[in-house]
Amino acid sequence: MNLKKKAVLDRIKNHEEAIAKGHEYLESGMHAHWHGFRPLFVPKVRDGKTLHPHKDWVKNVFIPRHEKALRKAEKILGKFT
């Protein structure tokens, strides 16, 4: 298998897993401490406790960004075939 194609397939798998974890978080609160939800530079800490991501942020920002990236990766994969 071509290395570029494998990299795109891995990227697609990662986006699908992130979308699934986002939906599970919205439904049941699972994966609240998953590293994909953490901010990149500054930890969100209040009174010594790490804060969970806001459900509106997950629904309106996190999931749509990953869905858009997934569509882009699938489009790139289509160019390989």
Side-chain angles (χ1 to χ4, degrees):
M1 179 183 293
N2 188 355
L3 290 177
K4 291 181 182 181
K5 186 175 180 179
K6 184 181 180 323
V8 172
L9 288 172
D10 289 341
R11 190 178 313 153
I12 288 172
K13 185 184 83 152
N14 289 338
H15 286 302
E16 288 173 344
E17 289 175 359
I19 291 168
K21 287 182 182 184
H23 284 296
E24 288 176 6
Y25 176 72
L26 290 176
E27 292 171 5
S28 64
M30 289 176 53
H31 308 294
H33 293 290
W34 178 56
H35 68 88
F37 290 143
R38 283 187 280 164
L40 292 176
F41 302 110
V42 180
K44 289 181 123 183
V45 179
R46 184 179 300 151
D47 299 330
K49 294 182 180 179
T50 304
L51 299 177
H52 302 301
H54 198 278
K55 291 194 179 208
D56 286 340
W57 176 82
V58 173
K59 182 176 78 174
N60 297 322
V61 177
F62 181 80
I63 292 175
R65 283 183 185 172
H66 279 280
E67 287 173 343
K68 182 178 179 182
L70 177 64
R71 286 191 304 270
K72 184 177 177 183
E74 288 172 344
K75 185 177 178 182
I76 291 170
L77 183 63
K79 291 180 181 180
F80 285 122
T81 56

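The figures that follow rest on heavy atoms only: side chains count, while hydrogens, waters and symmetry mates do not.
Considering every non-hydrogen atom in both Val58 and Gly22, the closest pair reads CG1-O, 3.8 Å. When all heavy atoms of Pro53 and Tyr25 are compared, the closest pair comes out as O-OH, 2.5 Å. When all heavy atoms of Gly36 and Phe62 are compared, the closest pair comes out as O-CE1, 3.8 Å.
Distance check: Lys79 NZ to Lys4 NZ gives 12.5 Å after rounding to the nearest 0.5 Å. To the nearest 0.5 angstrom, Lys5 atom NZ is 8.5 Å from Phe80 atom CZ. Put simply, NZ on Lys21 and CE on Met30 are 9.5 Å apart, with the number rounded to the nearest 0.5 Å. Atoms NE2 and CZ, from His35 and Phe37 in turn, are 10.0 Å apart once rounded to the nearest 0.5 Å. A distance of 11.0 Å separates CG of Asn14 from CG of Leu70, quoted to the nearest 0.5 Å. In this structure, NE2 in His66 is found 11.5 Å from CD in Glu17, a value given to the nearest 0.5 Å.
Atom NZ of Lys55 has more than 12 neighbouring heavy atoms from other residues, nucleotides or ligands inside a 6.0 Å radius.
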